[in-house]
Amino acid sequence: LQSIGYDLGGQWKPGPWTFKGLVYTGKALGEIFGAMSQFGNIAESGGFVQAGYNFTPKWSINGFFAAARPNHDDVMAWTAPGTATAPGVGLLRNNMSALSLQYASGNYELGVEWIYDDVRYQLKNSASSQTTQGNQVSFSGMYKF
């Protein structure tokens, strides 16, 4: 496979606010990004937006939305029955939203995050796609040295 990808992103920090965003497009991105994309000669476009607010020097809240849109025909061709590399399931769409609360002081950070994911996929022997949603709460810690 020959992987190629293009992206454009930026960040703006007016006062206590932080705004970030990125859009991308490419083909065979699984070779470049690994677990972020599926492997195959599949065209894909997507991106994310994030907004954050530091309501004190140590506390912040962040909202995030990301979307991935693989090309349907490419996914179906790559996951077709009888193909040697068929993984059994093809990702057709992914939407992810997240909300996090973070505390940062000196070299360490602590956080709690809620994530909602909405995925559309198709099994290689199925005539129609399936959709599944899920929620997750996670706690994180980081020490910078």
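Since this is a predicted model, take the numbers as computed values, not measurements.
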Gap between atom CE of Met96 and atom CZ of Phe64 - 0.5 Å precision: 7.0 Å
Distance, nearest 0.5 Å, that separates CG of Leu91 from OH of Tyr121: 11.0 Å
Distance (rounded to the nearest 0.5 Å) between Asp7 CG and Ser45 OG: 12.0 Å
Residues Phe39, Leu1; criterion side-chain contact (heavy atoms from CB on, under 4.5 Å); working and verdict: CA-CA 10 Å; Phe39 287 87; Leu1 294 177; 5.9 Å; no
Same cluster (ILVMFWY, side-chain, under 4.5 Å), Phe65 and Leu8: no
Minimal non-hydrogen separation, Phe48 against Ala66, with atom names: CB-CB, 3.8 Å
Co-membership, hydrophobic cluster, residues Met142 and Phe145, 4.5 Å side-chain: no
Main-chain N/O of Ala43 paired to Asp74 side chain as donor or acceptor, under 3.5 Å: yes
Greater than 12 external heavy atoms within 6.0 Å of Tyr6's OH: no
Taking every non-hydrogen atom, the tightest pair across Ala104 and Glu109: CB-CG, 3.6 Å
Inter-residue atom distance Tyr24.OH - Arg69.CZ, 0.5 Å rounding: 9.0 Å
With Phe19 via ring-ring contact (aromatic ring centres under 6.0 Å, His included) - residues at least two apart: Trp12, Trp17
Spacing of Ser140 atom OG and Gln102 atom CD [to the nearest 0.5 Å]: 6.5 Å
Flag if over 12 foreign heavy atoms under 6.0 Å of NZ, Lys27: yes
Ile4 with Leu29, same ILVMFWY side-chain cluster at under 4.5 Å: no
side-chain contact (heavy atoms from CB on, under 4.5 Å) between Gln11 and Leu22, intermediate numbers included: CA-CA 9 Å; Gln11 175 176 290; Leu22 180 132; over 6 Å; no
Heavy-atom pair of closest approach, residues Leu99 and Gly63: CD1-CA, 4.2 Å
Do any side-chain atoms of residues 113-120 form donor-acceptor pairs under 3.5 angstrom with protein atoms, and if so which ones, sequence neighbours left out?
from   : atom 1 : to     : atom 2 : distance (Å)
Trp114 : NE1    : Asn135 : OD1    : 3.0
Asp118 : OD1    : Arg93  : NH2    : 3.1
Asp118 : OD1    : Gln133 : NE2    : 3.3
Asp118 : OD2    : Arg93  : NH2    : 2.7

side-chain hydrogen bond (donor to acceptor under 3.5 Å, both in side chains) partners of residues 48-61, not counting sequence neighbours, each pair once: Lys58-Ser105
Over all atoms of both residues, closest heavy-atom pair of Val75 and Gly90: CG1-CA, 3.6 Å
Donor-acceptor under 3.5 Å (Ser3 side chain, Ala28 main chain): yes
Verdict with reasoning, Leu110 to Phe139, per side-chain contact (heavy atoms from CB on, under 4.5 Å): CA-CA 8 Å; Leu110 301 171; Phe139 300 93; over 6 Å; no
